[in-house]
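Below is one structure; the comments refer to it alone.
Letters go in sequence order (proteins before strands), and every chain restarts at 1.
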Number of protein chains: 2
Amino acid sequence: MIRVQQASNSLPPAALRLSRLAPLSGEELMAVVAAIDRSSQTPARRELLSEGRKIAEPRMIVSGWAARVRLLADGRRQLLSFLLPGDLVGMCRQPEPLAVSTVVAVTALTSCAAPSAGKFPQLADAYAISEALEEARLLSQIARLGRMNAQERIGDLLLELHERLSLCGLADETGFDLPLTQELLADALGLTSVHVNRVVQTMRRANDLEWRGRRLHLPNPAELARKIGRAPIRVTSASHA
Amino acid sequence: MIRVQQASNSLPPAALRLSRLAPLSGEELMAVVAAIDRSSQTPARRELLSEGRKIAEPRMIVSGWAARVRLLADGRRQLLSFLLPGDLVGMCRQPEPLAVSTVVAVTALTSCAAPSAGKFPQLADAYAISEALEEARLLSQIARLGRMNAQERIGDLLLELHERLSLCGLADETGFDLPLTQELLADALGLTSVHVNRVVQTMRRANDLEWRGRRLHLPNPAELARKIGRAPIRVTSASHA
DNA sequence: CGGCCATTTGAAGGAAGTCAAGCGTAGTGG
DNA sequence: CCACTACGCTTGACTTCCTTCAAATGGCCG
């Protein structure tokens with residue numbers, strides 16, 4: 001047991017996340033780690049996928065943040081979701097798939113070809129669970145934008161990011177590295193950066209969060225979750241997920 | 001050619017839609033029609049799926065409208081998407097799947113077990129394309145709620161519904177049967193029914209739409225789409241979709 | 001030091017929400 | 001057949017949340 005945890009802790013975040021979604025065999029884990037070893041780099045702001053264009057190959061985020069984006073005709077921008085280490089980009093089952101959204105690197109990014117799950121049943125499960133989680137997050141995003149006020153939106157999204165980063169070992173109990181500007185956060189939450197700024201300051205004064213530079217500190221995530229009425233996401237009844 | 005169209009026109013809407021997503025073989029079409037023949041009824045307002053509970057079996061809407069719903073802790077309600085004839089409910093690939101959202105019947109509903117695509121490659125394609133379209137619509141819904149004003153939201157959603165119903169033969173060039181109250185529309189659009197009412201009236205005065213009882217009439221869908229900057233959704237480069 | 005970018009602050013305006021009442025219509029039951 | 005009810009639509013007055021525009025501040029890096 002102890003040895004397993006030590007092994008887990010030495011895994012790259014993306015592999016750690018997959019193995020937590022579905023327990024991977026040694027062989028599968030090796031395939032994942034091998035894929036990660038053949039990663040490539042993408043500078044910040046570069047597009048990984050372009051809406052309406054063909055998808056070349058499914059990839060996995062290894063490190064850094066990306067975001068799915070929609071642009072309206074007049075330039076308004078909406079971030080649809082954030083993609084974190086272990087998340088998949090461009091996974092589709094239909095023939096000749098077109099990207100349904102642009103994907104851009106938010107930070108400098110490392111990504112790799114998503115290892116094929118053809119011969120790996122547990123990995124296929126992990127992919128399926130990962131996709132179900134992504135869908136659940138899109139639904140949460142809809143409820144967030146449709147029915148929450150600015151303070152709830154900000155708290156809810158930060159808690160979601162905290163949960164997700166915890167799953168790949170990139171967050172501690174009370175905080176994580178948040179490489180976003182207030183403007184990007186506003187574009188994700190359907191707000192203006194000016195209003196995000198004001199509300200964040202209110203939340204700072206209420207001691208709901210500290211956020212200086214790239215470090216976000218949540219003094220009491222459970223209390224914040226209670227305050228804004230957030231429930232975590234589940235997509236399987238299996239205990240490990 | 002004429003005979004094919006006649007055959008298409010005699011198909012039930014749900015089967016027509018699937019066959020338009022991917023051209024089904026005669027055998028596949030028969031399996032779909034057979035499944036539709038074993039439909040069951042659900043009264044309006046009844047839940048088909050309950051968030052967080054196990055999914056029994058993937059089903060397909062045969063007739064009537066359903067909606068995916070999220071409820072916030074304090075009773076606020078957000079409709080996530082509408083499910084129309086030919087749409088799938090509870091399609092998942094992971095083991096022990098839990099519903100990520102409640103699904104309720106908006107109208108009295110007919111649904112059937114989704115025919116297994118195991119031996120039917122074209123049907124599997126149709127399912128894959130259907131899921132990709134559903135994801136694309138969720139993304140559109142996010143952009144709608146995040147970055148559009150009330151008038152754009154209403155117009156955009158009505159145009160989406162028009163396109164979708166056209167695909168299963170349930171709309172004509174300039175309108176369709178809209179079995180929603182202004183309150184339901186408001187819950188889908190992140191607005192209040194009072195505000196939906198006011199905006200619908202200004203749109204009526206601008207001759208953007210007529211809506212009396214259950215009949216929605218769009219005098220000029222293309223012009224409305226241009227006015228609000230809407231582009232239709234595509235997920236394959238194949239010409240038939 | 002200077003330039004750039006993100007954050008912060010202020011003042012004013014507008015889009016949408018809230019509360020409450022009135023209206024129309026379809027269905028129901030005496 | 002007509003009151004009675006229920007539900008959805010409509011309207012008005014007022015409030016709130018968020019945006020807009022503009023300018024100032026602060027940190028970081030060349």
So does Asp156(A) pair up with Arg147(A), basic N to acidic O under 4.0 Å?
->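 Here Asp156(A) does not pair with Arg147(A) in a salt bridge, since their nearest N and O are not under 4.0 Å apart.
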
For the pair Glu51(B) and Arg68(B), find out whether any cationic side-chain nitrogen is under 4.0 Å from an anionic carboxylate oxygen.
-> no

5' priority, DNA chain D, between Arg198(A) and Gln201(B) [closest heavy atom] |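 Of the two residues, Gln201(B) wins.
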
Quick one: [X] [atom1] to [N] [atom2], roughly how many Å, whole number?
| X | N | atom1 | atom2 | value |
| --- | --- | --- | --- | --- |
| Leu145(B) | dG17(C) | CG | P | 12 Å |
| Glu183(A) | dT19(D) | CD | C1' | 14 Å |
| Arg153(A) | dC17(D) | CZ | P | 13 Å |
| Gln182(B) | dC7(D) | CD | P | 17 Å |
| Leu189(A) | dT19(D) | CG | P | 10 Å |
| Asp187(B) | dG8(D) | CG | P | 12 Å |
| Leu191(A) | dT7(C) | CG | C1' | 16 Å |
| Asn197(B) | dG17(C) | CG | C1' | 14 Å |

Could you give the distance from OG (Ser50(B)) to CG (Leu98(B)), rounded to the nearest 0.5 Å?
-> 11.0 Å

Assign Val199(B) to base, sugar-phosphate, or nothing according to its heavy-atom contacts below 4.0 angstrom with the strands shown.
->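 If one applies the 4.0 Å heavy-atom cut-off, Val199(B) turns out to touch nothing in the nucleic acid.
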
So what does Gly213(B) touch, heavy atoms closer than 4.0 Å: a base, only the sugar-phosphate, or nothing?
->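 It contacts nothing in the nucleic acid.
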
Does Asn149(B) have a side-chain nitrogen or oxygen under 4.0 Å from the phosphate oxygens OP1 or OP2 of dA15(C)?
->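 Checking Asn149(B) against dA15(C): no side-chain N or O falls below 4.0 Å of OP1 or OP2.
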
Would you indicate, yes or no, if dT10(D) has its OP1 or OP2 atom less than 4.0 angstrom from a side-chain nitrogen or oxygen of Arg204(B)?
->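 It does, given that an N or O in the side chain of Arg204(B) lies less than 4.0 Å from OP1 or OP2 of dT10(D).
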
Donor-acceptor pair between Arg144(B) and Gln141(B) side chains, under 3.5 angstrom = yes

Under 6.0 Å from the CD atom of Glu57(A), do we count more than 12 heavy atoms belonging to anything else shown?
-> yes

His195(B) side chain, from C-beta outward: closest of dT18(C), dA16(C), dA22(D) |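 Ranking dT18(C), dA16(C), dA22(D) by closest atom to the His195(B) side chain puts dA16(C) first.
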
Can you find an N or O donor on one side and an acceptor on the other, under 3.5 Å apart, linking the side chain of Arg147(B) with the base of dT19(D)?
->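 A donor-acceptor contact between them is absent.
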
